[in-house]
2 protein chains.
Amino acid sequence: MPKLWNETIEAHRRAVRDAILNTTAELAAEHGVRSVTMSQIAEQAGIGRATLYKYFPDVEAILLAWHDRQITDHLGQLAEVRDQTDEAGERLEAVLRAFAHISRRSRGHHGTELAAFLHRDERVARAQQQLHGMIRDLLAEGARTGDFRGDVAPDELATYCLHALTGAAALPSDAAAERLVTVIMSGLRDAEPAPTGRRPTSRHESHGHHSSGDSEH
Amino acid sequence: MPKLWNETIEAHRRAVRDAILNTTAELAAEHGVRSVTMSQIAEQAGIGRATLYKYFPDVEAILLAWHDRQITDHLGQLAEVRDQTDEAGERLEAVLRAFAHISRRSRGHHGTELAAFLHRDERVARAQQQLHGMIRDLLAEGARTGDFRGDVAPDELATYCLHALTGAAALPSDAAAERLVTVIMSGLRDAEPAPTGRRPTSRHESHGHHSSGDSEH
DNA sequence: GACATCGCAGACAGTGTGTCTCGTAAAATT
DNA sequence: AATTTTACGAGACACACTGTCTGCGATGTC
């Protein structure tokens, strides 16, 4: 409920905007994304329908804006966690752990699921790529120092991490999320027991880094 | 376009039903799940709008039916792959690899994403649990023989596998998908280099199996 | 050939959409 | 304190989609 006439005008608009986003997310989580209507949102948020159209052109835009807000918040939290240590391995593990718990907390609010639903939008794709980039850079640094495997490109490993971490939403406890991070980290380390070896003998067809554009289809 | 009056009547109904599912999936992938309407589907499928209502009550039901068909097909393929070997480790790897390629092929059709969007429906949840069960059983057997880690419950490891594998849809090539399976398998094996050890000394707080319901929040 | 089904087209009320106007109340400006 | 700017809510409007029903023709089954 946006209190009528907040102190300053800009603060008021921001409060209304946030209220719209929150109520929309609630309605989407409750009755399904497809059934959310502008009329519902306006009524539930306690504002006029015409007023709602002065904030957002349609439901899709509101869902996008909600997602943007989520991603921005999460990125900030993760960056903060990352900058609390220096070593690449520790940094990555801390970030993965934080993301696992974020995934867990935002379950039920259709956190990642809504993102998947909106995935055809390029803005959402770019938002996810920011996360991807953060993880990838940590992985690349860890690969140079030998902490992580070098037979798979950091790009692909980052994809692996992010998708595997979304599974945290389905886990029953925080302790299970911790175990998930452990398992994921196991996949990231060198398969060969060569703690100091820079380039372990790859066991398969792969050699060096693969970034993209090999045998397709 | 379902040819008017197929040979037998039941075959015709099935053909029409499939055509409806296909065109709905196309429309959803093209213009977004929210914008798909019964009118569009009927027109695109080349059938009357009233006729469409004799097959499905609303768009949601069509999307659910489409998802059911996908899951059924995939489960069949995976079971077939699984039954071509005997040893647990090989079985799991074969299944994971097959699922990775399925994920890759069904990208762009909003394969997994649509499933996530529909996730609040219990039928979808149960469908995913069938997959989950198949993986979990293979993991449990592999854990008994010492092929896989025993410090994390097969249930949680199965969650890890399934979510990590959905990342295959974002990978650029089949070869990358193969590498992804390799990485995932690394996470599944024992962390300690104890190839014959049945119960390796777990390095953390965990001991034995965790299935669910430990320290929450 | 008689009957049951299926399909399409059209009509119908109900509801959400997107846009507009108008009157009002609060904020910012002077 | 008076004035202007800004935002709000209510109502009206044409348009589109929905869900249901009717009538008529075509096809498969008995």
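Within every chain, numbering begins at 1; the chains are lettered A, B, ... in the order of the sequence lines, protein sequences first and strands thereafter.
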| Want to settle it: does A:Lys54 or B:Val59 sit nearer the 5' end of DNA chain D, counting the closest nucleotide to each? | A:Lys54
| task | With heavy atoms under 4.0 Å as the rule, sort B:Tyr55 into base, sugar-phosphate or nothing. | result | sugar-phosphate
Phosphate OP1/OP2 of [N] contacted by [X] side-chain N/O (<4.0 Å):
{"X": "B:His12", "N": "C:dT5", "result": "no"}
{"X": "A:Thr37", "N": "C:dT15", "result": "no"}
{"X": "A:Thr51", "N": "D:dG9", "result": "yes"}

| Which nucleotide in the list C:dC6, C:dG10, D:dG11 gets nearest to the side chain of A:Ala50? | D:dG11
Calculate the interatomic distance between [X] atom [atom1] and [N] atom [atom2]; express it in whole Å.
{"X": "B:Arg14", "N": "C:dC6", "atom1": "CZ", "atom2": "C1'", "answer": "17 Å"}
{"X": "A:Gln40", "N": "C:dG16", "atom1": "CD", "atom2": "C1'", "answer": "10 Å"}
{"X": "A:Arg13", "N": "D:dA7", "atom1": "CZ", "atom2": "C1'", "answer": "8 Å"}
{"X": "A:Leu27", "N": "C:dG16", "atom1": "CG", "atom2": "P", "answer": "13 Å"}
{"X": "B:Glu60", "N": "D:dC17", "atom1": "CD", "atom2": "P", "answer": "18 Å"}
{"X": "B:Ile62", "N": "D:dG19", "atom1": "CD1", "atom2": "P", "answer": "10 Å"}
{"X": "A:Leu52", "N": "C:dG16", "atom1": "CG", "atom2": "C1'", "answer": "13 Å"}
{"X": "B:Met38", "N": "D:dC17", "atom1": "CE", "atom2": "C1'", "answer": "11 Å"}

| request: Would you check if there is a donor-acceptor pair between the side chains of B:Asn22 and B:Arg69 at a distance under 3.5 Å? | output: yes
| request: State, without any angle test, whether B:Ser186 and A:Arg149 hold a side-chain donor-acceptor pair at a distance under 3.5 Å. | output: yes
| query | With no angle test and no hydrogens, is the base of D:dG11 tied to the side chain of A:Arg49 by a donor-acceptor pair under 3.5 Å? | reply | no
| task | Check the surroundings of atom CD in B:Glu87: do more than 12 heavy atoms from other residues, nucleotides or ligands lie under 6.0 Å from it? | result | yes
| task | Could you check if a side-chain atom of A:Glu156 sits within less than 4.5 angstrom of a side-chain atom of B:Leu180, using non-hydrogen atoms only? | result | no
| Position toward the 5' end of DNA chain C (nearest nucleotide), B:Gly48 or A:Tyr53 | B:Gly48
| query | Would you say the side-chain atoms of A:Arg34 pair up with the backbone N or O of B:Val36, donor to acceptor, closer than 3.5 Å? | reply | yes
